Amino acid sequence: MHYARWDADTVHDDVHADAVDHLGTDGGVLIEDETGFVKKGRASAGVQRQCTGTAGRIENSPVGAFLAYATSRVRALFDRRLYLPGRSWCADLERRQAAGIPETVQFATKPRLPWDMIAAALDAGVQAPWVTGDEAYAQDPQLRADL
């Protein structure tokens, strides 16, 4: 069996560059959404009892926010962020260390995560006159104002 080591941030940067260079800009749309990953235990980064659409109820799960980019020709997953709950994770340095979460990662509200990804996409040169997502984000007045 062979194992490969890779750096998720380097892959992320490569995907950004390829998307900007090759996916086109013909009325592209940025699509943000989140999903939960139902887990047992408390060691997985970001896991806590929280509402997740994956299960349709409150479950023990981490939640990830994702940004996709779509044009009339192609679609690509463009970015991702882990929602790191404030009290149960951000304030617990020992738990963060055990899960390998760098000190540079700070608490951000769920609506802040897609805004950071959208801003990064626009800064990278993505031309997207439209942004869409589910109601969990659309109800946030600050995100709407920023957009």
Side-chain angles (χ1 to χ4, degrees), residues 4-39 43-56 58-147:
R5 296 185 61 84
W6 57 280
D7 181 275
D9 291 330
T10 301
V11 172
H12 165 270
D13 294 346
D14 288 347
V15 169
H16 261 219
D18 284 350
V20 171
D21 291 344
H22 302 293
L23 296 184
T25 58
D26 57 342
V29 177
L30 289 170
I31 306 159
E32 47 87 7
D33 200 3
E34 71 175 40
T35 194
F37 308 92
V38 177
K39 299 275 189 174
S44 297
V47 71
Q48 76 169 13
R49 289 192 53 77
Q50 55 191 322
C51 184
T52 172
T54 305
I58 295 174
E59 279 286 348
N60 200 49
S61 68
V63 172
F66 298 90
L67 185 68
Y69 181 64
T71 69
S72 61
R73 295 185 344 221
V74 295
R75 286 148 277 327
L77 181 61
F78 197 70
D79 206 346
R80 83 287 183 247
R81 298 282 195 285
L82 174 67
Y83 172 66
L84 200 59
R87 283 186 294 214
S88 63
W89 278 92
C90 288
D92 189 338
L93 297 178
E94 187 176 312
R95 191 175 190 196
R96 288 172 61 117
Q97 264 187 329
I101 299 169
E103 289 183 25
T104 56
V105 176
Q106 300 296 314
F107 174 76
T109 63
K110 286 184 180 180
R112 181 65 194 193
L113 296 174
W115 173 245
D116 288 345
M117 293 186 291
I118 292 164
L122 298 175
D123 288 346
V126 170
Q127 300 292 314
W130 294 93
V131 175
T132 188
D134 71 13
E135 67 180 291
Y137 298 110
Q139 291 179 358
D140 182 72
Q142 185 62 52
L143 180 59
R144 286 196 321 265
D146 288 343
L147 290 171

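In this chain, residues are counted from 1 in sequence order. Every value quoted in this text rests on a predicted model; they were computed, and no experiment measured them.
Ile31 CD1 to Tyr69 OH: the interatomic distance, rounded to the nearest 0.5 Å, is 10.5 Å. For the atom pair CG (Leu113) and CD1 (Ile118), the distance works out to 11.0 Å, reported to the nearest 0.5 Å. Atom CG of Asp116 and atom CG of Asp79 lie 9.5 Å apart (nearest 0.5 Å). Annotation: the span from Leu82 atom CG to Glu34 atom CD amounts to 11.5 Å, rounded to 0.5 Å. Once rounded to the nearest 0.5 Å, the distance linking CD of Gln106 with OG1 of Thr104 reads 7.5 Å. Atoms OG1 and CD, on Thr132 and Glu32 in that order, are 7.5 Å from each other to the nearest 0.5 Å.
For the residue pair Phe78 and Ala121, the shortest heavy atom distance occurs at CE2-CB, 3.4 Å. Taking every heavy atom of both residues into account, Ala8 and Arg80 meet most closely at CB-NH2, 3.6 Å. Of all non-hydrogen atoms in Thr71 and Gly28, the two that sit nearest each other are CG2-CA, 4.1 Å. Heavy atoms only, all atoms of each residue included: Arg95 and Val47 are closest at NH2-O, 3.4 Å. Residue Val38 comes nearest to Ala55 through the heavy atom pair CG2-CB, 4.0 Å, listed as atom of the first residue, atom of the second, then distance. The minimum heavy-atom distance linking Gln48 with Ser88 is given by the pair OE1-OG, 2.6 Å.
Tyr83 is listed as a side-chain neighbour of Gln50, based on a closest heavy-atom distance under 4.5 Å. Proximity of Trp115 to Asp140: side-chain heavy atoms (C-beta onward) are nowhere separated by under 4.5 Å.
Using a distance-only test at 3.5 Å, with no hydrogens or angles considered, no donor-acceptor pair links the side chain of Thr54 to the main chain of Thr35. A donor-acceptor contact shorter than 3.5 Å is absent between the side chain of Arg81 and the backbone of Phe66.
The environment of NZ in Lys39 is sparse: at most 12 heavy-atom neighbours from other residues, nucleotides or ligands sit within 6.0 Å.
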Evaluate the criterion side chain to side chain contact (heavy atoms under 4.5 Å, CB included) for residue pair Arg96 and Val105; output intermediate values, then yes/no.
CA-CA 10 Å; Arg96 288 172 61 117; Val105 176; 4.0 Å; yes
